[in-house]
Amino acid sequence: MFTPNKEVELCDNQLRVAFDGDAVLFSDESEIVMKQEGLDKFIEHEKQFENKALAKGPLKCFLEALWKLQKKFYAKDERLTCPIRTFLVTSRGAAQGVRVLKTLSSWGLEMDEAFFLAGSPKGPLLEKIKPHIFFDDQMGHVEGAIELGIIAAHVPYGIGQKYHKGKLIEQPQKEK
């Protein structure tokens, strides 16, 4: 978890938690296709498997816990005043978001808001949301959030650990 050097004024009556999708809430299955085969194959893959739920990622259980708390407020007809708000902030495009939404639904979970940025930077949206914490598997996105004054947590999971800001990190040669 990383804390920024500058402070941002945050909402004081609502906990706002923002998550990346692939390799955070979901497995990195789709991200592997994207990194290894490119955008066109990723789009084709997501369309082909649109109705197959993604496997769980490392923070699915945390989202489940937040959802259980939220449902207690919703049951009392306090959805609009619920002190917890969740956000999905993903680089996927809207068309590839269909699988994500179907996966959440199959898990019996909801997000308050889902943003499919189609590769656009996450920073401007995070500035508007002002989450108390943002979870992402890619350090480039974590660093971007920190620069904006947002507490961010790196989720060290999946193929994204081999990349930084979209570029493959050189792997040291193994000695023979």
Side-chain angles (χ1 to χ4, degrees), residues 1-3 10-11 14-37 42-43 45-75 78-79 82-120 122-123 125-126 129-146 150-164:
M1 187 178 304
F2 300 91
T3 55
L10 300 172
C11 182
Q14 187 177 66
L15 173 65
R16 295 180 180 184
V17 182
F19 299 91
D20 176 41
D22 294 306
V24 175
L25 294 176
F26 315 108
S27 73
D28 68 338
E29 165 200 329
S30 299
E31 194 163 338
I32 289 171
V33 174
M34 175 67 180
K35 299 277 193 224
Q36 293 180 345
E37 300 181 43
F42 166 76
I43 291 170
H45 179 267
E46 291 307 284
K47 186 162 182 61
Q48 179 182 354
F49 294 102
E50 179 179 300
N51 293 312
K52 181 183 181 225
L54 289 153
K56 70 178 183 170
L59 293 185
K60 179 200 179 224
C61 292
F62 181 48
L63 178 61
E64 284 177 320
L66 292 173
W67 175 237
K68 285 177 185 175
L69 292 170
Q70 286 180 299
K71 285 196 315 187
K72 290 180 180 188
F73 288 91
Y74 298 176
E78 296 176 0
R79 181 179 274 267
C82 181
I84 301 169
R85 190 153 186 87
T86 57
F87 302 86
L88 174 67
V89 181
T90 177
S91 294
R92 285 173 174 258
Q96 295 74 52
V98 171
R99 186 174 186 199
V100 164
L101 295 175
K102 287 182 176 184
T103 296
L104 289 169
S105 179
S106 75
W107 292 347
L109 299 175
E110 293 181 17
M111 299 293 285
D112 290 301
E113 297 186 49
F115 298 95
F116 300 97
L117 301 178
S120 295
K122 295 178 181 181
L125 182 62
L126 291 172
I129 294 171
K130 294 184 180 177
H132 291 87
I133 189 162
F134 170 60
F135 295 94
D136 203 297
D137 65 304
Q138 297 184 45
M139 275 305 294
H141 296 301
V142 170
E143 291 165 352
I146 295 164
I150 297 164
I151 294 172
H154 178 236
V155 179
Y157 175 82
I159 193 168
Q161 305 320 295
K162 295 181 180 182
Y163 292 81
H164 185 70

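These numbers come from the heavy atoms of this one structure, side chains and all, not from hydrogens, waters or symmetry mates. Predicted, not measured: the structure shown is a model, and the values here were computed from it.
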### Query
Aromatic rings Phe135 and Phe62: how do their planes relate, parallel, tilted or perpendicular, breaks at 30° and 60°?
perpendicular
#### Entry: Main-chain N/O of Lys102 paired to Ser105 side chain as donor or acceptor, under 3.5 Å
no
### Task
Please check if atom NZ in Lys56 has more than 12 non-hydrogen atoms from other residues, nucleotides or ligands closer than 6.0 Å.
no
### Check against side-chain contact (heavy atoms from CB on, under 4.5 Å), Leu25 and Thr103
CA-CA 10 Å; Leu25 294 176; Thr103 296; over 6 Å; no
### Query
Can you check side-chain contact (heavy atoms from CB on, under 4.5 Å) on Met1 and Ile133, steps first, answer last?
CA-CA 9 Å; Met1 187 178 304; Ile133 189 162; 3.6 Å; yes
### Task
Could you pull out the closest heavy-atom pair between Met111 and Thr86, with the gap in Å?
CA-OG1, 3.5 Å
### Query
Any side-chain heavy atom of Phe116 within less than 4.5 Å of one from Val98?
no
Cut-off 3.5 Å, no hydrogens considered: what does the side-chain donor-acceptor table look like for residues 87-95, sequence neighbours left out?
| unit_1 | atom_1 | unit_2 | atom_2 | d |
| --- | --- | --- | --- | --- |
| Thr90 | OG1 | Arg92 | N | 3.2 |
| Arg92 | NE | Asp22 | OD2 | 2.9 |
| Arg92 | NH1 | Glu46 | OE1 | 2.8 |
| Arg92 | NH1 | Gln96 | O | 2.8 |
| Arg92 | NH2 | Asp22 | OD1 | 3.0 |
| Arg92 | NH2 | Asp22 | OD2 | 3.3 |
| Arg92 | NH2 | Ser30 | OG | 3.3 |
| Arg92 | NH2 | Glu46 | OE1 | 3.1 |

### Query
If only atom types and distance count, is the side chain of Arg99 paired as donor or acceptor with the main-chain N or O of Lys47 below 3.5 Å?
no
### Nearest atoms (heavy-atom pairs only) where Asp137 meets Val24
N-CG2, 3.5 Å
### Task
Of all the heavy-atom pairs spanning Asp136 and Val142, show the shortest one and how long it is.
O-CG2, 3.7 Å
### Message
To the nearest 0.5 Å, what is the distance between CD on Gln70 and CD1 on Ile84?
### Response
5.5 Å
### Task
Would you give the length of the straight line joining atom CG of Leu104 to atom OG of Ser106, rounded to the nearest 0.5 angstrom?
8.0 Å
### Task
Begin from the C-alpha positions of Ile146 and Phe134 and carry the test side-chain contact (heavy atoms from CB on, under 4.5 Å) through to its verdict.
CA-CA 9 Å; Ile146 295 164; Phe134 170 60; over 6 Å; no
### Query
Is it true that Lys68 and Glu64 make a salt bridge, defined as a side-chain N closer than 4.0 Å to a carboxylate O?
no
#### Entry: Atom pair OG (Ser27) and CD1 (Ile32), whose distance is rounded to the nearest 0.5 Å
7.5 Å
### Query
Of the non-hydrogen atoms in Val155 and Gln161, which two are nearest, and what is the gap between them?
O-NE2, 3.6 Å
### Task
Could you grab the distance from atom CD of Gln36 to atom CD of Glu31, nearest 0.5 Å is fine?
10.5 Å
### Query
Would you say Arg16's side chain and Lys130's backbone share a donor-acceptor pair under 3.5 angstrom?
no
### Task
For Phe19 and Leu66, work out which heavy atoms get closest and say how close.
CZ-CD1, 4.0 Å
### Message
Looking at Lys122 and Asp20, is there a salt bridge between them, counting it only when a charged N and a carboxylate O are closer than 4.0 Å?
### Response
yes
### Query
When rounded to the nearest 0.5 angstrom, what is the spacing between NE2 in His132 and CG in Leu15?
6.0 Å
### Donor + acceptor pair across side chains of Glu143, His154 (<3.5 Å)
no
### Closest non-hydrogen atom pair between Cys82 and Gln14, with its separation
O-NE2, 3.2 Å
### Message
Within the structure provided, determine whether Ile129 and Glu113 are in side-chain contact (heavy-atom separation under 4.5 Å).
### Response
no
